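Reviewing the structure listed below.
Letters A, B, ... mirror the listed sequences (proteins, then strands); counts begin at 1. Given the structure is predicted, the values throughout are model-derived calculations rather than measurements.
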2 protein chains.
Amino acid sequence: MQDAFSKHPQVKQPRLVEKIRGIIPQLPKQEARVAQYMALNAKYLGFETGASIAKKAGTSEVTVGRLLRRLGYKGMAGLKQEIKIDHTAGTLDINTEQDTTEINTLMKHVLDSEIQALMSIFEQASGPGWASIIQAVCNVDTVFVSGYQSIRGVAEDFSRRLSLARDDVRFISAHDSMLGEWIGNSGGLADGHKECLVIIDVVPYAREAEVLSKLCRDQGRDLVVVSDEFCHWASDYTDMIIHAPSKSGLFLESTGAIVAALNLIVHAVAENDPQATSQRLERWQSMTRKLRVF
Amino acid sequence: MQDAFSKHPQVKQPRLVEKIRGIIPQLPKQEARVAQYMALNAKYLGFETGASIAKKAGTSEVTVGRLLRRLGYKGMAGLKQEIKIDHTAGTLDINTEQDTTEINTLMKHVLDSEIQALMSIFEQASGPGWASIIQAVCNVDTVFVSGYQSIRGVAEDFSRRLSLARDDVRFISAHDSMLGEWIGNSGGLADGHKECLVIIDVVPYAREAEVLSKLCRDQGRDLVVVSDEFCHWASDYTDMIIHAPSKSGLFLESTGAIVAALNLIVHAVAENDPQATSQRLERWQSMTRKLRVF
DNA sequence: AACGTTATGAAAGAATTATAACATTGTCAA
DNA sequence: TTGACAATGTTATAATTCTTTCATAACGTT
């Protein structure tokens, strides 16, 4: 696995095809055939295997391997890796071309995962579901936030920051507060009063999260779940879900993507009514100044 | 939530994803994870292999195979075939170019900043100062952690996670606890007892942070500061500083890089004594199992 | 023609991946 | 608790895929 992250494409045409096209003239006959085939079928290359390409190009497996190596890939696996990256990165062509100073392999790998995770988040934040999530958080009288264990703090921070962007944000913890906030109206919302709950939960999923979700829906609140890529329970309760990839090869799962997603939500909510927001910020600053916290 | 104008291939959801989504609720935990992963990464499934999916989903290869068969495919090969068909039929648009998400300019810019910030962190984590920071956190009897305002939660999470990697980690908050932890020995450490403090602080810097830092040094503790790129005060007290870029163009500064840095620290500490760590994890798991939190 | 250089595929081997059989663990109800 | 049964991982095995080595063929150069 050669350094993947420094290779994100800037050009639309996948590098692969470019590279192949450029090199064809200098190739020996058979290899050129293979190259030609690959260029033409670049899209399907992911499904091919060295052998299958060889057969279709009418040559031997060995030749395919040789070409691959000549192109600078470490065999078929390497090529697939690159294609895959082309796909992820192709959707948002970002300039990541930096020469990063020497970083060891694990680090490289982790960094790559983190970047991928980030990209995934930004994709989701540009996707069709995003707007409804933001609306759910904006057009509501009260927003509740909850999170457990290893990301509880992140959830609390989220509620703090969201408070800077809008009114009536509360962090709740079923364990601590016994859900006093929700027992008001005999299990339902007051008329005309709209609420929503943002649950942040990662593996190992908290028993509490699912229970709370059910309760939330039963009482008529909107539900937004920010979770990791393995969360299988959320879709039973809502379709406003953000899946933040967390698998990065570290001792504990990474929470970077979740944080990024939450940051984006706060931003979007703030953007939703910029004027009100800047007023809020001002008031906040003057408050903190009086408190002399800083 | 199906908007007609979206450029997204919602309708195009391939059979595969449908099928998976439908069956997830009835699946056992691990298989559900795999299923979830597959649904989320349907686009890239073509490049994956049974083993690679297993790894990324954090389960064993066998489970993947079982799921595949449960879904009606004859193993990995069968699935790939189906994908290939879907693909050629244009259902899964693996095709890079158009029809992919359009991310607006701000987003692109923010994403770019975030990535840069990440890279900066990873560079620092490979630089010369890193080792001493890790040593400071490892070779010490007690680690204190503190953080304020908008990243207080992050700091708390860090202390929770660090607790999984080593003993005697405590979150302190001068305001809340009045520093009871530190008034023991008339302002100094007991002999032979080594302690260190990790302060996490971002702009606008908390008055408390600097005071605490001074106190910390005066009493003979090591000090690590994780802060943003503007932090001006930390270098007066220590040279173990991580600067996590936070300027990203969002309404509030981004905390992604800080979180990444903290994740890396936890990992490095865990790595420092892998055996002890895995034992700790085990004990933790059995504890949580007894508590039935999950 | 003699020679070296490059191109190529065959066969053997190494590595990876998929499947099957078995063992362990966890879960739930009596 | 205990026992039955489902879930999951382990080990072993088979199948596939990739790489290496080597012998031969093709080509051009002197």
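- In summary, of the residues considered (V154(B), V259(B), L262(B)), a side-chain contact (heavy atoms from CB on, under 4.5 Å) with T255(A) occurs for V259(B) alone.
- As judged by a 4.0 angstrom heavy-atom cut-off over every strand, G50(A) is placed among residues touching the sugar-phosphate backbone only.
- Distance E48(A) CD to dC18(D) P: 11 Å, rounded to the nearest Å.
- Within the nucleic acid shown, G75(B) comes within 4.0 Å of sugar-phosphate atoms alone, with no base atom in reach, counting heavy atoms only.
- A straight line from CG of L67(B) to P of dT8(D) spans 11 Å, rounded to a whole angstrom.
- Here dG9(D) is the nucleotide among dT8(C), dG9(D), dA18(C) with the atom lying nearest to any side-chain atom of Q30(B).
- Checked by atom type, the side-chain pair Y148(A)/S146(A) shows a donor-acceptor distance below 3.5 Å.
- Residues S60(B) and V62(A) each lie close to DNA chain D; by heavy-atom proximity, the contact nearer the 5' end of the strand is made by S60(B).
- Put simply, NZ on K74(B) is 14 Å from C1' on dA20(C), counting in whole angstrom units.
- Across the protein-nucleic acid pair, F47(A) atom CZ and dT17(D) atom P stand 15 Å apart, rounded to whole Å.
- A straight line from CG of L27(A) to P of dT8(C) spans 9 Å, rounded to a whole angstrom.
- Taking 4.0 angstrom as the limit, R69(A) places a side-chain polar atom (N or O) nearer than this to OP1 or OP2 of dT20(D).
- Pairing each heavy atom of S254(A) with each of E114(A), the nearest pair is OG-OE2, 2.9 Å.
- Mapping K80(B) and K29(B) onto DNA chain C by nearest heavy atom places K80(B) at the nucleotide closer to the 5' end.
- Residue R66(A) places its side chain closer to dG9(C) than to any other of dG9(C), dT8(D), dA7(C).
- Rounded to whole Å, atom C1' of dA12(C) lies 13 Å from atom CD of E61(A).
- Side-chain N/O atoms of T63(A) include none lying less than 4.0 angstrom from OP1 or OP2 on dA7(C).
- Side-chain atoms of Q124(A) and S120(A) form a donor-acceptor pair, as typed in the model, at a separation below 3.5 Å.
- A straight line from CD1 of I53(B) to C1' of dT17(C) spans 12 Å, rounded to a whole angstrom.
- Phosphate contact (OP1/OP2 of dG9(D), side-chain N/O of T59(B), threshold under 4.0 Å): present.
- Rounded to whole Å, atom P of dT16(D) lies 17 Å from atom CE of M76(A).
- In this structure, R217(A) forms no cation-pi arrangement with Y237(A), as its terminal cationic atom is not both closer than 6.0 Å to the ring centre and no more than 45° off the ring axis.
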